[in-house]
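Heads up, the thing below is written out as structure tokens.
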Amino acid sequence: MTGGQGMTPTILIVLAGLMGAAGVVLLAAAAHAAPGAGLDSAGQMLLFHAVAAVAVAGALHQGLLFRPLAIAAAIGLVAGAALFSGDIAMRAFAGHRLFPMAAPTGGVVLIASWLALGVAAVVTLFRAG
């Protein structure tokens, strides 16, 4: 366990590692296997949000965020990036989408997750005094 903070930060870092690796793979595919198919956007989305997941893990471990909302935001960051990138990768490699509106749904989840992360910090500020 992580200092009474549970396993959540560790799990987030594991997911961030997978997201980062997938992001690098998609960027390599964008450069070599399927140029112009949008895989660069998918790879960048995964890499950016992998870093964000690590940051949320650190902030959770330090007690800087209202935990329930921060965990929901972190789940949204991971799920939203997976939906967005997965839909683009599926179109590039299989010729069809994950499901209709998967990428836009992932984008909306990401926007909501970033907002929830900000609110989780504000709640912590107000609770601190």
Requested in this report: Enumerate the residue pairs fulfilling salt bridge (Lys or Arg N to Asp or Glu O under 4.0 Å) with a member in residues 17-27, sequence neighbours excluded, ordered by first and then second residue.
Outcome: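 For residues 17-27: none.
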
Membership question, hydrophobic clusters at under 4.5 Å side-chain separation (ILVMFWY): are [Y] and [X] in the same one?
X      : Y      : result
Met90  : Leu83  : yes
Met19  : Leu26  : yes
Ile71  : Phe66  : no
Val56  : Leu110 : yes
Leu117 : Ile75  : yes

Under 4.5 Å between side-chain heavy atoms, chaining through other members, with only Ile, Leu, Val, Met, Phe, Trp and Tyr counted: pull out the rest of the cluster around [X], sorted by chain and number.
X      : result
Leu47  : Val24, Leu27
Val122 : Phe126
Val51  : none
Ile111 : Leu115

Query raised in the report: If you look only at pairs with a residue in residues 68-110, which of them pass as a ring pair (Phe, Tyr, Trp, His ring centres under 6.0 Å), with sequence neighbours excluded?
Result: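 Pairs touching residues 68-110 that pass the test: none.
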
Requested in this report: Please list all pairs passing the ring pair (Phe, Tyr, Trp, His ring centres under 6.0 Å) test where one or both residues lie in residues 7-26, with sequence neighbours left out.
Outcome: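 Residue pairs passing ring pair (Phe, Tyr, Trp, His ring centres under 6.0 Å), neighbours aside: none found.
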
Query raised in the report: Considering residues at least two apart in sequence or located in another chain, which fulfil the side-chain contact (heavy atoms from CB on, under 4.5 Å) criterion with Ala22?
Result: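 Partners of Ala22 under the side-chain contact (heavy atoms from CB on, under 4.5 Å) test: Leu46.
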
Requested in this report: Under the side-chain contact (heavy atoms from CB on, under 4.5 Å) rule, collect the residues that match up with Ala34, sequence neighbours excluded.
Outcome: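 Testing Ala34 for side-chain contact (heavy atoms from CB on, under 4.5 Å), a comparison that skips the adjacent residues, returns Ala37, Leu39.
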
Query raised in the report: Between atom CG of Leu15 and atom OG1 of Thr10, what is the distance when rounded to the nearest 0.5 Å?
Result: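 Nearest 0.5 Å value for the CG-OG1 distance: 11.0 Å.
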
**Report entry** Worked check of side-chain contact (heavy atoms from CB on, under 4.5 Å) between Thr8 and His61
**Finding:** CA-CA 9 Å; Thr8 303; His61 183 71; over 6 Å; no

Which heavy atom of [X] sits nearest a heavy atom of [Y], and at what distance?
X      : Y     : answer
Ala120 : Leu69 : N-CD2, 3.6 Å
Pro104 : Arg97 : CD-NH2, 4.1 Å
Ala116 : Ala73 : CB-CB, 3.9 Å

Query raised in the report: Just by distance, do the side chain of Asp87 and the backbone of Leu98 share a donor-acceptor pair under 3.5 Å?
Result: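 At least one qualifying donor-acceptor pair exists.
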
Query raised in the report: Can you tell if the side chain of Leu12 reaches within under 4.5 Å of the side chain of Val54, non-hydrogen atoms only?
Result: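 Not touching, per the 4.5 Å side-chain cut-off.
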
Output every pair passing side chain to side chain donor-acceptor pair (under 3.5 Å) with a member in [range], not counting sequence neighbours, ordered by first then second residue.
range            : result
residues 43-58   : His49-Trp114
residues 14-35   : none
residues 119-129 : none

